[in-house]
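Okay, structure first, notes after.
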2 protein chains.
Amino acid sequence: MAGSRDTDKTDKFYSGYSKIFVAIDCIIFGFINNDLNILLFKRDIEPEKGKLSLIGGFVQEKESPEDAAQRILLNLTGIKDVFLEQLFAFGEPERDPGERVISVAYYALLKAQDLDNEHVELHGARWCPVNDSTDLIFDHNEMRDRALLRLQRRAKSRPIGFELLPRKFTIPQLQSLYETIYQKKFDNRNFRKKLLTMNILEQLGVKDKTGSKKGAYLYRFDKEKYDRFLREGFLFNL
Amino acid sequence: MAGSRDTDKTDKFYSGYSKIFVAIDCIIFGFINNDLNILLFKRDIEPEKGKLSLIGGFVQEKESPEDAAQRILLNLTGIKDVFLEQLFAFGEPERDPGERVISVAYYALLKAQDLDNEHVELHGARWCPVNDSTDLIFDHNEMRDRALLRLQRRAKSRPIGFELLPRKFTIPQLQSLYETIYQKKFDNRNFRKKLLTMNILEQLGVKDKTGSKKGAYLYRFDKEKYDRFLREGFLFNL
DNA sequence: GCAAAAGTGTTCGGGCTACACCCATGA
DNA sequence: TCATGGGTGTAGCCCGAACACTTTTGC
């Protein structure tokens with residue numbers, strides 16, 4: 001904020017207002033066992049002991065909220081440059097019963113295979129299917145719900161789902177991911193057709209046999225083609 | 001934020017972190033003289049004297065960011081319950097050269113006719129066409145651009161544009177609004193057809209003759225029909 | 001009577017939807 | 001050989017895009 005007649009840039013002036021703790025909470029999605037999961041902490045202290053919460057931290061003096069979120073994610077997962085998007089700033093005065101805290105929520109998508117599970121568990125976190133993650137503390141349920149909605153909207157207008165799959169994946173895997181995100185079945189012929197006509201996938205000529213006896217072709221996401229695609233604009237429409 | 005192992009709810013604990021000023025900035029849209037305008041302040045003090053800025057204020061101890069935005073709007077415009085949506089939290093450490101401030105930006109849509117212009121000017125604000133509003137202070141250009149993008153996306157998926165018109169309006173007026181938002185001409189036959197088949201407008205049987213010699217029928221937005229419409233889901237697609 | 005804006009239908013093509021059978025393989 | 005999941009083509013429909021002329025009335 002700034003620029004209204006009753007603001008000035010001197011610290012003296014701003015000091016008439018109160019400062020507030022600014023936190024970050026991350027809704028971290030991963031696709032595991034054919035199910036959409038989020039990374040959660042189980043609280044091991046009172047109050048709310050045993051209840052689950054999102055992963056979070058505070059914004060420090062010299063970092064942006066975005067940087068703070070990346071720091072928290074790096075610290076927890078050991079992974080740099082995670083896909084991250086700001087979701088919403090939650091700021092009800094009583095949202096944290098301890099003290100006034102405004103939290104900027106981010107959602108993150110990560111390739112679960114990249115994750116060192118021991119590292120994560122050392123930090124006290126663990127995956128939990130989104131559908132089982134009822135009853136989080138504070139307003140974290142609302143954050144999770146909003147993140148899921150955002151993910152659903154985004155996945156329609158860009159191939160965001162790729163962020164959740166390994167670099168090499170099969171079309172049935174991708175379809176299964178989309179079916180999980182939308183909690184809805186898609187026609188496999190139409191799904192495949194749609195994707196292939198977008199022309200953003202590169203077939204690798206190799207089959208993955210873990211999913212079936214016949215095996216399914218592995219594909220890779222072609223970033224160049226995708227960027228061209230984005231520039232020309234498109235919609236997913238499932 | 002909360003719940004990670006290294007957080008607790010005692011004030012004592014949080015006190016290890018630093019508090020930050022949290023501000024609100026509002027991008028206030030109005031449709032005036034067939035052009036999309038935003039409400040701005042012209043800075044009358046150094047530094048940045050003469051430069052324009054958005055309308056803003058600080059979040060107070062016991063109000064949510066949303067409440068703060070409504071308070072700032074009410075104070076400036078005298079209008080309650082303005083259409084308001086959170087846009088983004090801007091928090092680069094150096095965004096405000098005076099001091100560390102994180103700003104939660106909101107965009108607002110208001111019916112410019114409802115506005116008491118003297119009241120607004122008393123507060124030092126004035127309308128400025130979006131396209132002429134280059135060169136705002138700080139990161140306000142980015143805020144304005146992001147707000148415009150959001151408005152464009154929203155106006156596709158719901159009749160948000162109605163918030164910018166008088167309660168009674170003609171279809172050519174509405175089309176003109178959409179053409180301004182998208183900086184693009186639409187076919188009047190298709191536009192009209194699309195809207196009328198949505199069945200959310202109520203014709204009032206009265207003509208408005210200010211726009212042309214022939215006069216155009218006035219319509220009113222039918223909230224009940226619209227709500228039904230929303231529940232059933234739709235897309236605008238212009 | 002003419003200028004200026006409002007109002008009105010039809011045609012075409014592209015994309016989404018629905019739908020059913022064969023293929024390859026491991027057990 | 002059979003069970004399991006992978007892969008393929010077509011027809012109908014709906015919706016958006018393109019397109020031009022008549023109507024009303026103030027001047």
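Numbered from 1 within each chain, the chains take letters A, B, ... in sequence-line order. Scope of the values below: all heavy atoms of this structure, side chains included, with no hydrogens, waters or symmetry mates.
Between B:K193 and C:dG9 there is no side-chain N or O to OP1 or OP2 distance below 4.0 Å. For A:K213, no side-chain nitrogen or oxygen approaches OP1 or OP2 of C:dA27 to under 4.0 Å. Phosphate proximity of D:dG7 to A:R192: present, with a side-chain N or O under 4.0 Å from OP1 or OP2.
In this structure, the CZ atom of B:R189 is 14 Å from the P atom of C:dT11, given to the nearest Å. Note: CG (A:L195) to P (C:dG15) measures 15 Å, nearest angstrom. One atom, CD of B:Q173, and another, P of C:dA6, lie 9 Å apart when rounded to the nearest Å. Whole-Å rounding puts the A:Y217 OH to D:dG6 C1' distance at 10 Å. For A:N190 and D:dG12, the CG to P distance is 16 Å, given to the nearest whole Å. Atom C1' of nucleotide D:dG5 and atom CG of A:D208 are separated by 12 Å, given to the nearest angstrom. With rounding to whole Å, B:K194 atom NZ is found 15 Å from D:dA18 atom C1'. The distance from atom CZ of A:F191 to atom P of D:dT8 is 15 Å, rounded to the nearest whole Å.
In this structure, B:P172 and B:N188 have side chains that are not in contact, with every pair of non-hydrogen atoms separated by 4.5 Å or more.
Sorted by first and then second residue, the pairs that involve residues 122-148 of chain A and meet salt bridge (charged side-chain N to carboxylate O under 4.0 Å, His left out), not counting sequence neighbours, are A:K51-A:D135, A:R95-A:D139.
Among C:dA6, D:dT25, C:dC19, the nucleotide with an atom closest to any side-chain atom of B:K209 is D:dT25. You'll find that the side chain of A:A216 is closest to D:dG7, out of C:dA20, D:dG7, D:dC19. Which of C:dT8, C:dG9, D:dG16 sits closest to the side chain of B:N188 comes down to C:dT8. Of the listed nucleotides (C:dC19, D:dG16, C:dA5), C:dA5 has the atom at the smallest distance from the side chain of B:S212. With distances taken from any side-chain atom of A:P172 to the nucleotides D:dG6, D:dA20, C:dC16, the minimum falls on D:dG6.
Place A:L196 and A:K214 on DNA chain D by their nearest nucleotides, and A:K214 ends up nearer the 5' end.
Of the possible polar contacts, one joining the A:Y178 side chain to the A:A155 backbone as a donor-acceptor pair under 3.5 Å is found. Between the side chain of B:Q175 and the backbone N or O of B:R192, no donor-acceptor pair lies under 3.5 Å.
For the residue pair A:D208 and A:T170, no side-chain donor N or O sits within less than 3.5 Å of a side-chain acceptor on the partner.
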